[in-house]
Engineer: 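Below are the structure tokens for one structure; questions will follow.
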Amino acid sequence: MTGKSRVSYFYHPTCPLFYYGPSHPMKPHRLKLAHHLILTYGLYKEMDCYRPHPAAAGEMTQFHSEDYVNFMSKVTPDNLRQYSASMQRFNAGDS
């Protein structure tokens with residue numbers, strides 16, 4: 001490989017609005033802080049920057065099983081008790 005490698009940076013403004021739960025390492029404030037630092041220090045000038053679109057179900061099944069995608073499209077904080085078996089099967093939620 002010749003020359004310097006570039007970093008690909010994917011960011012969407014809605015990403016820091018999602019809370020993954022207390023045991024998940026990705027926290028909204030971490031995402032906002034990292035993005036602010038990248039902008040403030042001008043690091044984005046040295047990166048390939050992308051603004052991703054929300055993935056369609058067909059795109060997600062390229063990386064996840066169809067059962068998992070279907071489960072994730074149905075479960076909400078209000079109905080997750082109805083999906084306790086699936087929550088355990090897919091290791092979703094806080095343990």
Side-chain angles (χ1 to χ4, degrees):
M1 183 165 76
T2 61
K4 287 186 176 182
S5 296
R6 286 181 63 92
V7 171
S8 293
Y9 177 59
F10 292 82
Y11 182 80
H12 193 280
T14 60
C15 289
L17 303 178
F18 187 77
Y19 178 60
Y20 293 88
S23 62
H24 197 284
M26 191 173 347
K27 305 285 187 238
H29 68 277
R30 288 182 179 171
L31 292 171
K32 285 189 250 182
L33 177 60
H35 185 66
H36 181 73
L37 290 170
I38 287 167
L39 294 179
T40 301
Y41 284 99
L43 298 174
Y44 65 93
K45 297 174 188 173
E46 304 298 323
M47 300 176 171
D48 293 326
C49 299
Y50 301 95
R51 183 177 181 159
H53 66 275
E59 293 172 299
M60 290 191 289
T61 57
Q62 294 176 17
F63 303 96
H64 301 287
S65 72
E66 192 169 334
D67 288 345
Y68 178 74
V69 173
N70 289 336
F71 160 69
M72 291 303 290
S73 71
K74 294 175 186 172
V75 71
T76 69
D78 296 328
N79 70 9
L80 60 88
R81 290 185 184 185
Q82 298 172 33
Y83 293 97
S84 59
S86 294
M87 296 282 290
Q88 190 170 17
R89 176 181 172 201
F90 295 118
N91 195 27
D94 295 322
S95 27

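FYI, side chains are in, hydrogens and waters are out, and symmetry mates aren't considered; it's all heavy atoms of this structure.
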Engineer: In this structure, would Met47 and Leu33 fall into the same cluster of hydrophobic residues linked by side-chain contacts under 4.5 Å?
Structural biologist: yes
Engineer: Is there a side-chain contact between Tyr9 and His35 in this structure, where contact means two heavy atoms from C-beta onward sitting under 4.5 Å apart?
Structural biologist: yes
Engineer: According to a 4.5 Å side-chain heavy-atom criterion applied to Ile, Leu, Val, Met, Phe, Trp and Tyr, with indirect links allowed, do Val69 and Phe63 form part of one hydrophobic cluster?
Structural biologist: no
Engineer: Any idea which heavy atoms bring Lys32 and Pro16 closest together, and the distance?
Structural biologist: CG-CB, 3.4 Å
Engineer: Closest approach of Glu59 and Pro54, non-hydrogen atoms and distance?
Structural biologist: OE1-O, 4.2 Å
Engineer: Might you point out which heavy atoms bring His12 and Pro52 nearest each other, and give the distance in Å?
Structural biologist: CD2-O, 3.3 Å
Engineer: Specify the closest pair of heavy atoms between Tyr83 and Val75, including all atoms of both residues, with the distance to one decimal.
Structural biologist: CD1-CG2, 4.1 Å
Engineer: Counting neighbours of CD on Gln88 that are heavy atoms of other residues, nucleotides or ligands and sit closer than 6.0 Å, is the number greater than 12?
Structural biologist: no
Engineer: Between the main-chain N or O of Ser86 and the side-chain N or O of Asp67, is there a donor-acceptor pair closer than 3.5 Å?
Structural biologist: no
Engineer: Under the side-chain contact (heavy atoms from CB on, under 4.5 Å) criterion, do Val7 and Glu46 qualify, and how do the steps go?
Structural biologist: CA-CA 8 Å; Val7 171; Glu46 304 298 323; over 6 Å; no
Engineer: Counting only heavy atoms from other residues, nucleotides and ligands, does the tally under 6.0 Å from OH of Tyr19 exceed 12?
Structural biologist: yes
Engineer: Using a cut-off of 6.0 Å, state whether more than 12 heavy atoms not belonging to Arg81 lie near its atom CZ.
Structural biologist: no
